[in-house]
Amino acid sequence: MNTPLWEVFVRTRNGLAHKHAGSVHAADATMALQAARDVYTRRGEGLSLWVVPSNAIVASDPADRDMLFEPTGSKIYRHPTFYEVPDEVGHM
Amino acid sequence: MPPAPSRKERRRFPSFLRPMTTTSIAVEESPRIRTLLALADDALILGHRISEWTGHAPTLEEELAFANIALDLIGQARALYQATGQNEDELAYLRDPHRFRNALIAELPNGDFAFTIVRLFLVSVASDQFWRSAVQNDDPDIAAIAAKAQKETAYHVRHAADWLVRLGDGTAESHRRAQNALDALWPYTGDIVDRDAWLQAVAPVLARATLTQPAEGWMQPSGRDGRHTEHLGHLLAEMQILPRTYPGATW
C-alpha cells in the first residue's frame, strides 16, 4: 500500500511543546489529522495536533552517531544540575 | 409474556439447563419515553452496526475511527435510556425487535466501506441538526445529553463528509460504490423530521463528491412503529444472546 505516512505530534497541555506520538497512514493532510485524532487522542491526551509528512523529516545518519553525540558525553558541566530550581518556576 | 416456570419445572430443569430464561420486556410508552427510545434506539443500533467493523476495517486508522464513533453512539444511547428512568440494560437487551423504535436506516447491514460512510453521513447530518437544536430542549435531560452529543456528532459529520468527498471524487470504482450506496440508502431517509434543512446540508457535500442526488420519490416506511427489516432480528440476536442466555452475567 502506498498511502503516505505522517508523523503525529500531540500537545497535551498548554505551555508544553508538541511531542512526537507516532505515525499514521492517510491519503492527504485532512485525513491524516483525523486519523491522528482517532488513533492518538482517545484518552483525553490532546489539546492540539500536528501532522507532518514523514518524508519531510530530515534525520541524522546513524553512522554519524559517534561524531555527533559522543563528544558531549564528557561535558557534564552543560547539565543544569549545579544549581537548584525553585519549585515556583514550574516547567522550564 | 410466558408464565414463570413452576416449582416442579424448576426442579426438573435447573437454571443452567433452561434456555432463554429471561423473558422479554414491554415498555409503557408515554410520549416522552417514545421520543427518548427513538433517539436511543437509533444511536444503539447504528453504534452496534459500526462496531461490527472492529477487526474488519480497511486500515488501522479507520478501525479506530469507527470504534470511536460506535462508542460515542452507544454512550449517547446509554444516557438516553437512563433518562427514561428504566433499566438501560433491560431496554437494550430484553426488548424484542418490534419494540425497537429506531429508523430502518440504522439497522441495514454495513455493506461495503462506501455504504457505511454514506449511511453515517446521511444519518449524522440529521443527528447533528437535531442535537444542536436540542441544546435548548424543554426537557432538561435531553438538553444535557445534547450538550455532549452535539460535539461528538459534529465530528461524525466531518469524518463521514470528508470520506464521502474522497470516495465520490476518487477513482471510478470508489465513485461507483458511493453512488450505489447513495441510491440504495436514499429511500430510507423519509422519516427525517426537518427534511428541508437536512437537504440543504447534504446537497453541497454530494456536489463536492460529484455524486448525483437521487430524486425525491417513494420512501420506505419508518421503523418507529416497530415494523422493521429482517436485519434487526439478526442484529439483536447477536447483541442480546449473552445477557439473555446468562441473565445478570458480569465480567
Side-chain angles (χ1 to χ4, degrees), chain A residues 1-65 68-69 90-92, chain B residues 47 50-51 53-76 113-114 116-118 120-121 124-125 128 148 151-175 177-178 204-205 208-210:
Chain A
M1 199 162 80
N2 50 11
T3 311
L5 191 65
W6 305 74
E7 299 304 319
V8 178
F9 298 83
V10 181
R11 198 186 69 197
T12 51
R13 281 169 44 195
N14 281 327
L16 294 185
H18 286 73
K19 275 220 170 89
H20 187 236
S23 52
V24 292
H25 284 96
D28 55 54
T30 301
M31 299 316 278
L33 210 48
Q34 292 186 21
R37 180 261 189 194
D38 282 319
V39 176
Y40 291 107
T41 66
R42 304 181 74 227
R43 298 176 184 86
E45 296 96 330
L47 279 185
S48 168
L49 276 174
W50 289 348
V51 290
V52 178
S54 299
N55 61 16
I57 295 206
V58 183
S60 62
D61 185 340
D64 290 342
R65 200 184 302 169
L68 292 174
F69 307 118
H91 288 288
M92 281 180 66
Chain B
I50 293 172
S51 80
W53 275 102
T54 309
H56 304 278
T59 65
L60 177 145
E61 290 82 350
E62 204 48 36
E63 171 125 341
L64 281 163
F66 278 156
N68 292 345
I69 291 169
L71 286 169
D72 286 343
L73 291 172
I74 291 167
Q76 291 173 11
F113 185 71
T116 298
I117 288 294
V118 173
L120 181 64
F121 172 68
S124 298
V125 169
D128 178 57
K148 181 163 177 280
K151 295 173 198 150
E152 297 169 340
T153 306
Y155 184 76
H156 304 171
V157 173
R158 177 180 295 191
H159 188 69
D162 282 341
W163 260 120
L164 186 57
V165 168
R166 282 156 181 79
L167 293 173
D169 196 15
T171 65
E173 177 70 0
S174 69
H175 178 89
R177 285 175 183 253
V205 179
R208 270 210 298 146
T210 70

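Here is the naming used below: chain letters follow the sequence lines, and residue numbers restart at 1 for every chain.
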To the nearest 0.5 Å, what is the distance between [atom1] on [X] and [atom2] on [Y]?
{"X": "Arg166(B)", "Y": "Thr30(A)", "atom1": "CZ", "atom2": "OG1", "value": "5.0 Å"}
{"X": "Glu63(B)", "Y": "Asp38(A)", "atom1": "CD", "atom2": "CG", "value": "11.5 Å"}
{"X": "Asp28(A)", "Y": "Asp162(B)", "atom1": "CG", "atom2": "CG", "value": "8.0 Å"}

Between [Y] and [X], is there a side-chain heavy-atom distance shorter than 4.5 Å?
{"X": "Gln34(A)", "Y": "Trp163(B)", "answer": "no"}
{"X": "Leu71(B)", "Y": "Arg42(A)", "answer": "yes"}
{"X": "His25(A)", "Y": "Thr59(B)", "answer": "no"}

Under 4.5 Å from any heavy atom of chain A - which part of Arg158(B):
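For Arg158(B), heavy atoms of backbone and side chain both lie under 4.5 Å from chain A.
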Side chain, backbone, both or neither: which part of Phe66(B) has a heavy atom under 4.5 Å from chain A?
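Interface part for Phe66(B): neither.
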If I compare all heavy atoms of Val39(A) with all of Glu61(B), which pair ends up nearest, and what's the gap?
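Heavy atoms of Val39(A) and Glu61(B) come nearest at CG2-CA, 4.0 Å.
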